Amino acid sequence: MSIRNKAYIAGAFEHPTRLAPDKSTPQLHAECAAGALADAGLSLKDVDGYFCAGDAPGFGGMSMVDYLGLKVRHVDSTETGGSSYILHVGHAAQAIAAGKCSVALITLAGRPRSEPFAGQSGNAPEAAFEGWVGQSTHNSYGMCAARHMYEYGTTSEQLAWVKVAASHHAQHNPHAMLRDVVTVGDVINSPMISDPLHRLDCCVVSDGGGALLVVAPEVAKSLKRPLVAVRGAGEHVKGPRGGMNLDITTSAAAVSGPAAFAEAGVTPADIQYASIYDSFTITVLIQLEDLGFCKKGEGGRFVADGNLISGTGRLPFNTDGGGLCNNHPTNRGGITKVIEAVRQLRGEAHPAVQVPDCGLAVATGIGGVLGARHGAATVILERQ
Amino acid sequence: MMSESRNIPAPKPNVENQPFFDAAAEGKLLIGQCDACGQPHYYPRALCPFCLTESRWVESKGKGAIYSLSTMRRGAGAPYTLAWVTLDEGPAVLTNIATEDHDALTIGQRVRVQFTPTEGGPPVPMFAPE
């Protein structure tokens, strides 16, 4: 059974806050839920499915279902880090196609700027072997970039173009944390964080959140919003798995991407807009290759010379400014990727970055730690 | 000589991996070896991650090459170098490179295990240039 055209994204909301010292995390979830419901023209009692991930406080989905006052017949708290919410779109479409719910709410929120980030639990099976190595996202993604440079000749200047393109888009977003347009020189001359990634190769840290409503076709067609169909979805989890034949320049998106394209019956050449999770510049480059926008190793040349800038480049990406410039709520950028893709397909992106007559978009993300254990999810969305 | 200024937190062994840390205290690096599918693996598990057959401990020679690396330049303990080291036996190990000269490290460089003390726990396997 395929999910193709079995579900639609009817509501999308990005919380405008980037610093929320006076709001609780559950409160931000609730504000995002209310925002998505208002966007769709639905009410709380219409929701019969709920999806959340590791940012949701409490015990799986139970605390949040109760806090939000939901009565659901389907709940899913699958956790794949920042890619969870893209994955949830696919899972929600599956549940809707199977008749398990008809209005699925997905929420994300958190406040890493306002309260210390709680690390992952110490009972992971690899904890005794790897808990001491000083791994952060910066140095783990840094190893991916270093290996990509070693194998394919990718340069820091090429990586910098990803940030340059994001900054061109962020200048038009009044909510973006970083709105200054930057140059390749600005990126490669910013302080080194963990070789070869500079400060401007890294995404922002922001409080905030977002929510989505994935609904059955008959619900979507009863509303007044443009129809954005879920045309295909894919997911995958990848790790070093015993350390044999390690390959950290290919991500789990090499499985999630082709699976989503196959289900949608389209190819990368058909895509008019791409939301690509940009925790770091290298994250975008590797996903472009793994989704098939270019061959493995050619990502550097693909992104160079402004090819990701809307209006001039060959593949407009992250027109909200992405995680690199706009927003990375609670260190998880998946939901904002779907939200901006929905804006593009509705024609509601900022006019300066709106892709003309945008009919087909991809949203893809990598959560967890690229270079070690990570999850990827990809959805293909279509305006109908 | 200890070349890392970073304080290394003590690993917390469990019943499955205690033999690894007992051997580490004697300066031995153990990896997992499966007799069913013939493959070694790291980090070691009771059951082989390639076929879920019970594996056994074998001692690695502790030599290998840097597969990739990244030197952290910011924050407490910096600089220190995170690396994947591919052992000559095959498996890759997520580790640190113990060195005074982080800028001289390169992908492909030969390294050997160097057990490093931790804060009140068993030592851990870092690697140092040969």
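In what follows, every chain begins at residue 1, and chains take the letters A, B, ... in the order their sequences are listed. Being a predicted model, the structure only gives us computed values, none of them experimental.
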Only pairs of heavy atoms separated by less than 4.5 Å count here; which of A:Gln135, A:Glu130, A:Met192, A:Arg241 has the most with chain B?
A:Arg241
Is any side-chain heavy atom of A:His138 closer than 4.5 Å to one of B:Arg74?
no
Can you tell me if CD on B:Glu54 sees more than 12 non-hydrogen neighbours from other groups inside 6.0 Å?
no
Do B:Thr118 and A:Trp132 have side chains that get closer than 4.5 Å, going by heavy atoms?
no
Most contact-rich option vs chain B, by heavy-atom pairs under 4.5 angstrom, among A:Ala372, A:Gly134, A:Ser194, is A:Ser194
Considering non-hydrogen atoms only, spot the tightest contact between A:Ile248 and B:Tyr67 and give its length.
N-OH, 3.1 Å
Check: A:Pro240 and B:Leu94 side chains under 4.5 Å, non-hydrogen atoms
no
Heaviest contributor of heavy-atom pairs below 4.5 Å to chain A, chosen from B:Pro125, B:Gly108, B:Gly32, B:Gly121, is B:Pro125
Report, in residue-number order, which members of residues 38-53 of chain B are under 4.5 Å from chain A by heavy-atom distance.
B:Gln39, B:Pro40, B:His41, B:Tyr42, B:Tyr43, B:Pro44, B:Arg45, B:Pro49, B:Phe50
CG of B:Asp88: more than 12 outside heavy atoms within 6.0 angstrom?
yes
Strictly distance-based, threshold 3.5 Å: is any side-chain N or O of A:Tyr150 a donor or acceptor partner for the main-chain N or O of B:Ile107?
no
Is it the backbone or the side chain of A:Pro125 that comes under 4.5 Å from a heavy atom of chain B, or both, or neither?
both
More than 12 heavy atoms of other groups within 6.0 Å of A:Lys296 NZ:
yes
Minimum-distance pair of heavy atoms, taken over all atoms of B:Arg73 and A:Asp195:
NE-OD1, 2.7 Å
Among B:Val93, B:Thr71, B:Thr95, single out the residue with the greatest number of heavy-atom pairs under 4.5 Å to chain A.
B:Thr71
Minimum heavy-atom separation for B:Leu82 to A:Ser140, with atom names?
CD2-N, 4.0 Å
For the student: nearest non-hydrogen atoms of A:Ala128 and B:Lys12, plus distance:
CB-O, 3.8 Å
Of the listed residues (A:Ser136, A:Gly243, A:Ala145, A:Cys144), which shares the most heavy-atom pairs with chain B below a 4.5 Å separation?
A:Gly243
So, taking the atom named OG in B:Ser68 and the one named CG in A:Asp247, what distance separates them when rounded to the nearest 0.5 Å?
11.0 Å
Smallest separation among heavy atoms of B:Leu69 and A:Met143, with atom names
C-CG, 3.6 Å
